Amino acid sequence: MGAQRSAYPTPKRWQCAAGKGVLPMKIGVLALQGDFREHRISLEKLGADVTEVRLPQHLDGLSGLIIPGGESTAIGKLMTAYDLLEPLRAFGQAHAIWGTCAGAILLAKNVGRDQPLLGLMDMEIERNAFGRQIDSFEIEINVPFIANPEQLYHLTFIRGPIVRRVWGEARAVLTLPDGRIIAARQGKLFATSFHPELTNDLRFHQFFLELAKSESTG
Amino acid sequence: MEEQVSGFAVKKGLAEMLKGGVIMDVVTPDQAKIAEDAGAVAVMALERVPADIRADGGIARMSDPELVLKIMEAVSIPVMAKCRIGHFVEAQILESLGVDYIDESEVLTPADEAYHINKHGFKVPFVCGCRNLGEALRRIGEGAAMMRTKGEPGTGDVVEAVRHARSVYGDIRHLMSLPEEEVMTFAKNIQAPYELCMQVRELGKLPVVNFAAGGIATPADAALMMQLGVDGIFVGSGIFKSGDPSKRAQAIVKATTHYNEPAVLAEVSRNLGEAMVGRSAVSLPDAEKMAVRGW
């Protein structure tokens, strides 16, 4: 195949990432578009063995998958073009998937407009629910289900969606102080409307690795 | 609980979400829809694409706010718009419209021949052009949250985009090899802030996302720029000045994702119809070169 991307040397923070801590779990990051590299860096800091997923065969042997932030319309379009929709739906029946922002949108059953979705989670999402880019914001809140819950977590919302409604097997697991839902879980499927990959705080990625490791689907 | 609106992390964060994607110039709401349907991650709303700005001559200014608003209504993806270099009032107007990113752009006629906009004072993030590392770090020092290598807009000739990307990444590789005591003189020589040089040396990359722009006309051009190390692609005249814009737009989107897969690139490059006619960048008289605008 073609030459490797050559322009700059591997950043130092990548080099020291592997080999620390727990089991070397194989986790995929959907790399069609968006901030997949930031997820990769976070996962590697936790010792995971990370694969970039661009085609269906890249899913083989993975224990979990992250769908990153990006533009959900562009990612959906590329999923369709490269026959990833069905393989991803099948993967999500048995494995952990975490979607951040655009990834959360793609996991939903309904987003109120016509665009390709995986439709794996019983939830309805509203895109750009806080407004345009000038309405993007950061906030610090306590997250009860991650490590050291008493320590505030810095959430970054960028043209972020909110979860309008959950039903069936899906549960709202995190809300803003005004009650709007910003994270939901359905078994091993997990959706957040914010971007833990843009922080240096690895607690959400740790939570996801534990979810991917767990046997249960509930 | 503390809520902080549009800090630098949030401004830079939107560009992080655009990575691996294609941002397309559009001049009508219909073109914006075609771009969105083709998988563009954002559109640049403007009255004339660079090739037409070149052909028409005269002064190129910020687009009519009415047009920008109509394009914002037409699509769900982010909408960017251009203001002239140094024209901070055009930037204020675009911010008040609620555009998602402002491009302080050399494609328009500069309004100030010495100073760029102080971009720290705005809530809306800015993208700016660069030809080399010094120019990139001066713009970031002024508050730009995203960069793009300039290339030579409206030509369909990728050579200047390649030159600028090689220059930026070559300078970064050189900087990373320097012992700390040589960084100050390096910063002086490239006319960049010292602290940002130290940051680049530590990170091994620019502190913000960097796309390629200016002259990209084919899927192979887009993949070439991606393999050279840019984070994503701007296509200006290359799409809507070609024979089959929708097909070409989709092909460039696919090539930007699968930039390292020659078989995919071969597949998407087939039967695209006429590329934009283009104009060799070296044949341009100095007065018509856009990339040299910027200080």
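Every chain is numbered from 1, with letters handed out A, B, ... down the list of sequences. All values derive from a computational prediction rather than experimental measurement.
- Ranked by non-hydrogen atom pairs under 4.5 Å with chain A, the options B:G13, B:G20, B:P78 are led by B:P78.
- Heavy atoms closer than 4.5 Å to chain A are found in the backbone of B:A38, but not in its side chain.
- The distance from atom CE of B:M17 to atom CD1 of A:I158, rounded to the nearest 0.5 Å, is 4.5 Å.
- In terms of non-hydrogen atom pairs under 4.5 Å with chain B, the most contact-rich of A:H195, A:E71, A:R113, A:Q115 is A:E71.
- For A:R159, the part lying under 4.5 angstrom from a heavy atom of chain B is the side chain only.
- With a 4.5 Å cut-off on non-hydrogen atoms, A:L32 touches chain B through its backbone and its side chain both.
- In this structure, the side chain of B:T149 does not engage the main chain of B:G151 through any donor-acceptor pair within 3.5 Å.
- Neither the backbone nor the side chain of B:V22 comes within contact range of chain A; no heavy atom of the residue lies under 4.5 Å from a heavy atom of that chain.
- With a threshold of 4.5 angstrom between heavy atoms, B:V75 does not approach chain A through any atom at all.
- Between the side chains of B:T257 and A:Q33, no donor-acceptor pair of N or O atoms lies under 3.5 Å.
- Of the listed residues (A:L55, A:T73, A:L198, A:L78), the one with the most heavy-atom contacts under 4.5 Å to chain B is A:L78.
- Side-chain atoms of B:K11 do not come within 3.5 Å of backbone N or O of B:A144 as any donor-acceptor pair.
- Side chain of A:Y82 to main chain of A:R54: no donor-acceptor pair is present (N/O by atom type, distance under 3.5 Å, no hydrogens or angles).
- Note: A:Y153 and A:F204 have perpendicular aromatic rings, judged against thresholds of 30 and 60 degrees for the angle between ring planes.
- With chain A as the partner, the residue from B:A165, B:G39, B:G21 showing the most heavy-atom pairs under 4.5 Å is B:G39.
- Checked against the 6.0 Å centroid threshold, A:F157 and A:F130 count as a close aromatic pair.
- Only the backbone of A:A31 has a heavy atom closer than 4.5 Å to any heavy atom of chain B.
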